[in-house]
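Below is one structure, written out as structure tokens, with a few remarks after it.
Computed over heavy atoms, backbone and side chain alike; hydrogens, waters and symmetry mates excluded.
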Amino acid sequence: MEKIELIAPCHFGMEAVLKREIADLGYEVVAVDNGKVTFAGDMQAVARANIFLRTTERILLKAAQFKAETFDELFEQIKAVPWEKYIPEDGKFWVAKANSVSSKLFSPSDIQKIVKKAMVERLKQTYHTDWFEETGESYPLRISILKDEVTVGIDTTGESLHKRGYRKFTAPAPVTETLAAAIILLSPWRADRALVDPFCGSGTIPIEAAMIAMDMAPGLNREFTAEGWTNLIPKQAWYQAAEEAEERIRRDVELNIQGYDIDDEALRMARANAKLAGVEEKIHFQNRDVRDFSHPKSYGFVISNPPYGERLSNKEEMFDLYRSVGQVMSENDTWSFFLLSGYEEAQKAIAAGGSRKKATKNRKIYNGMMKTYLYQYMGAKPPKRKDSRENE
């Protein structure tokens, strides 16, 4: 198959995780920029990336990249793209989204109109027609302009990849599936270690952890826009990717994953979501306050998105909650804590609870438009297991 470039957008701050995921799938990373990773592959890569990647929002087929400072330049450059390579005569095409940062062309609606007009002009010449019915498959475009550099991508995904299909029920202020997966993959947690989310809400972090441990592909049970692009991607590519995903699932893996919440309704949602994801037997959800944290295992992980405003009524209540987290840390010094929070006093409050140390690292992450930090408190490393042959 012909080599193409694909663009995978992600949460700002999570590019390194996505880069590693892409490399692990066997594809060459071409560029890493703020909020996106570009990689090379073939049309089979479109199917595999959509089905397997956990931390990207969508997969874009890169159609063009050029500089444009005027609408005339934008029109001519778009018109020069061989759109007939991608879009059949009956294809439905439009600019689904346009954004511009630090560029002379800044009006999204005008960018959308000019791009559509230029595409029509190009395709009129190719297909020798003055009218397109657009009754066929969809080929939505996404245009990004940064410092007058225009990147044109055709969206292969459709509905964002964070919509795995299992989260039918949501508690207030949930963390997205892609961000939850990225936080877990940033940590050194592995399937043989305990994991607890003491603020689990509708269960996203425990569910994503179970799916990662089971090597269950996040896009296995959903549909994608590019599945209808038989002019570009043979149906067999999708069947092969799905078969590969099914074969990789480790259903017999033993896991110790727990989710706490003090809201019975949230726990009901979490259990329902886990069942839809096919991991309900791998997670134990329970009504428990973080202050009652206890676990028989050592060297476990707390990975969580604690409240930072949506469920707490005042600053005093917020500080008290994070102080309780600090107390849990001090009482479980072999455990590692990865906490995503937008609460500005988080570290101070945790320290007030008697936490053993400052965060090993804190990483700025934009959760949508909200600035948050991932506070990483690493616990003691477990002792190395002796090789059984030494005891023979």
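Salt bridge annotation for Glu5-Lys62: present, with a cationic side-chain nitrogen under 4.0 angstrom from a carboxylate oxygen. A salt bridge links Glu246 with Arg251: the distance from a Lys NZ or Arg NE/NH1/NH2 to an Asp or Glu carboxylate oxygen falls below 4.0 Å. Under 4.0 Å is where a charged nitrogen must lie from a carboxylate oxygen, and between Arg167 and Glu177 at least one such pair does. A salt bridge links Asp215 to Arg248: at least one charged side-chain nitrogen sits closer than 4.0 Å to a carboxylate oxygen. A salt bridge is absent between Lys282 and Glu254: the closest approach of a Lys/Arg side-chain nitrogen to an acidic carboxylate oxygen does not fall below 4.0 angstrom. Between Lys85 and Glu2 a salt bridge is recorded (basic side-chain N to carboxylate O distance below 4.0 Å). Looking at Glu84 and Arg122, a side-chain N of the basic residue comes within less than 4.0 Å of a carboxylate O on the acidic one, giving a salt bridge. The residues Arg291 and Glu331 are annotated as not salt-bridged, no charged nitrogen and carboxylate oxygen being separated by less than 4.0 angstrom. A salt bridge links Asp148 with Lys104: the closest approach of a Lys/Arg side-chain nitrogen to an acidic carboxylate oxygen falls below 4.0 angstrom. Taking the charged nitrogens against the carboxylate oxygens, Asp155 and Arg58 do have a contact shorter than 4.0 Å, which makes a salt bridge.
For Glu281, the CD atom is loosely surrounded, since the number of other residues' heavy atoms within 6.0 Å does not exceed 12. Residue-environment remark: NZ (Lys67) stays at or below the threshold of 12 foreign heavy atoms within 6.0 Å. Within 6.0 Å of NZ in Lys79 there are more than 12 heavy atoms belonging to other residues, nucleotides or ligands. Crowding of Lys19 atom NZ: a count of heavy atoms from other residues, nucleotides or ligands under 6.0 Å not exceeding 12. Atom CD of Glu316 is surrounded by 12 or fewer heavy atoms from other residues, nucleotides or ligands within 6.0 Å. Summarising the local packing, CD of Glu344 is surrounded by 12 or fewer heavy atoms from other residues, nucleotides or ligands at distances under 6.0 Å.
Listed here is the closest heavy atom pair of Gly228 and Glu137: O-CG, 3.1 Å. Smallest separation of non-hydrogen atoms from Ser100 and Ile111: CB-CD1, 4.3 Å. Nearest heavy atom pair, residue Ile51 against residue Ala242, reads CD1-N, 4.0 Å. For the pair Pro382 and Arg193, the tightest heavy-atom approach, listed with the atom from each and the gap, is CD-NH2, 3.7 Å. Taking all atoms of both residues into account, the shortest heavy-atom contact from Gly259 to Leu267 is O-CD2, 4.3 Å. Contact record, Ser330 with Gly354: CB-O, 3.0 Å, taken as the closest heavy-atom pair.
No side-chain heavy atom of Asp24 sits less than 4.5 Å from a side-chain heavy atom of Ile22. Residues Asp320 and Glu317 form no side-chain contact, since every pair of their non-hydrogen atoms from C-beta on lies 4.5 Å or further apart. No side-chain heavy atom of Phe93 sits under 4.5 Å from any side-chain heavy atom of Pro140. Two residues are said to be in side-chain contact when any heavy atoms from C-beta on lie closer than 4.5 Å; Lys117 and Phe75 meet this criterion. Counting heavy atoms from C-beta outward, Phe199 and Ser341 have side chains that stay 4.5 Å or more apart. Under the 4.5 Å side-chain criterion, counting only non-hydrogen atoms from C-beta, Ile4 is in contact with Leu61. For the pair Lys168 and Met269, the minimum side-chain heavy-atom distance is 4.5 Å or more. Contact annotation: the side chain of Tyr343 never approaches that of Pro306 to less than 4.5 Å [non-hydrogen atoms, C-beta and beyond].
When the side chains of ILVMFWY residues are joined at heavy-atom separations under 4.5 Å, either directly or via intervening members, Tyr27 and Ile7 end up in two distinct hydrophobic clusters. Transitive grouping of hydrophobic side chains (ILVMFWY, heavy atoms separated by less than 4.5 Å) keeps Leu60 and Leu232 in distinct clusters. Under the 4.5 Å side-chain heavy-atom criterion for ILVMFWY residues, no single connected hydrophobic cluster contains both Tyr377 and Tyr299. By the rule that hydrophobic residues join a cluster once side-chain heavy atoms approach within less than 4.5 Å of another member, Val253 and Ile184 end up as members of one cluster. Hydrophobic clustering (ILVMFWY, side-chain heavy atoms < 4.5 Å, transitive): Leu340 and Phe301 are in one cluster.
Side chain of Gln44 to backbone of Ala237: a donor-acceptor contact under 3.5 angstrom is found. Judged by distance alone, with hydrogens and angles left aside, the side-chain atoms of Asp42 form a donor-acceptor pair with the main-chain N or O of Ala45 at under 3.5 Å. The closest donor-acceptor contact from the side chain of Thr38 to the backbone of Val30 lies at 3.5 Å or more, if one exists at all. The main-chain N or O of Phe106 is never found under 3.5 Å from a side-chain atom of Ser103 such that the two would form a donor-acceptor pair. The backbone N or O of Gly201 sits less than 3.5 Å from a side-chain atom of Asp261, completing a donor-acceptor pair. Side-chain atoms of Trp335 come within 3.5 Å of backbone N or O of Lys297 as a donor-acceptor pair. Thr56 places a side-chain N or O within donor-acceptor distance of the main-chain N or O of Pro9, the cut-off being under 3.5 Å. For the pair Glu21 (side chain) and Thr55 (backbone), a donor-acceptor distance under 3.5 Å is present. In this structure a side-chain-to-backbone donor-acceptor pair under 3.5 Å is missing from Ser160 to Lys163. With hydrogens and angles disregarded, no donor-acceptor distance shorter than 3.5 Å links the side chain of Ser144 to the backbone of Asn99.
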**Study point:** Tyr139 vs Trp229, ring-ring contact (aromatic ring centres under 6.0 Å, His included): CA-CA, chis, key distance, verdict
**Key:** CA-CA 8 Å; Tyr139 296 80; Trp229 297 0; 4.8 Å; yes
Check your understanding: After noting the C-alpha distance and the side-chain angles of Trp83 and Tyr127, does the key distance pass the ring-ring contact (aromatic ring centres under 6.0 Å, His included) rule?
Key -> CA-CA 11 Å; Trp83 291 110; Tyr127 294 123; over 10 Å; no
Practice item. Show your reasoning for whether ring-ring contact (aromatic ring centres under 6.0 Å, His included) applies to Phe338 and Tyr375. Key: CA-CA 6 Å; Phe338 283 67; Tyr375 298 102; over 10 Å; no
Review point. Where do Asp90 and Thr135 land on the side-chain hydrogen bond (donor to acceptor under 3.5 Å, both in side chains) test, with the steps shown first?
Key: CA-CA 6 Å; Asp90 67 346; Thr135 53; 4.7 Å; no
Practice item. Take Tyr308 and Glu345, measure what side-chain hydrogen bond (donor to acceptor under 3.5 Å, both in side chains) needs, and give me the verdict at the end. Key: CA-CA 10 Å; Tyr308 39 94; Glu345 301 268 309; over 6 Å; no
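In this model, no donor atom of one side chain and acceptor atom of the other lie less than 3.5 Å apart for Gln376 and Thr360. A donor-acceptor pair shorter than 3.5 Å can be found between the side chains of Glu57 and Thr178. If you check the side chains of Thr151 and Arg142, you find no donor sitting under 3.5 Å from an acceptor. Between His295 and Asn256, the side chains place a donor N or O and an acceptor N or O closer than 3.5 Å (distance only, hydrogens not considered). Counting only N and O atoms by type, the side chains of Gln240 and Glu244 include no donor and acceptor under 3.5 Å apart.
Applying the side chain to side chain donor-acceptor pair (under 3.5 Å) rule to pairs touching residues 264-274 yields Asp264-Asn287, Glu265-Arg268, sequence neighbours excluded.
Residue Phe337 is tested with Val328, Ile350, Val196, Ile303 for a side-chain contact (heavy atoms from CB on, under 4.5 Å); the sole match is Val328.
To the nearest 0.5 Å, atom CE of residue Met14 and atom OH of residue Tyr366 are 13.5 Å apart. Atom CD of Glu149 and atom CD of Glu69 lie 10.5 Å apart (nearest 0.5 Å).
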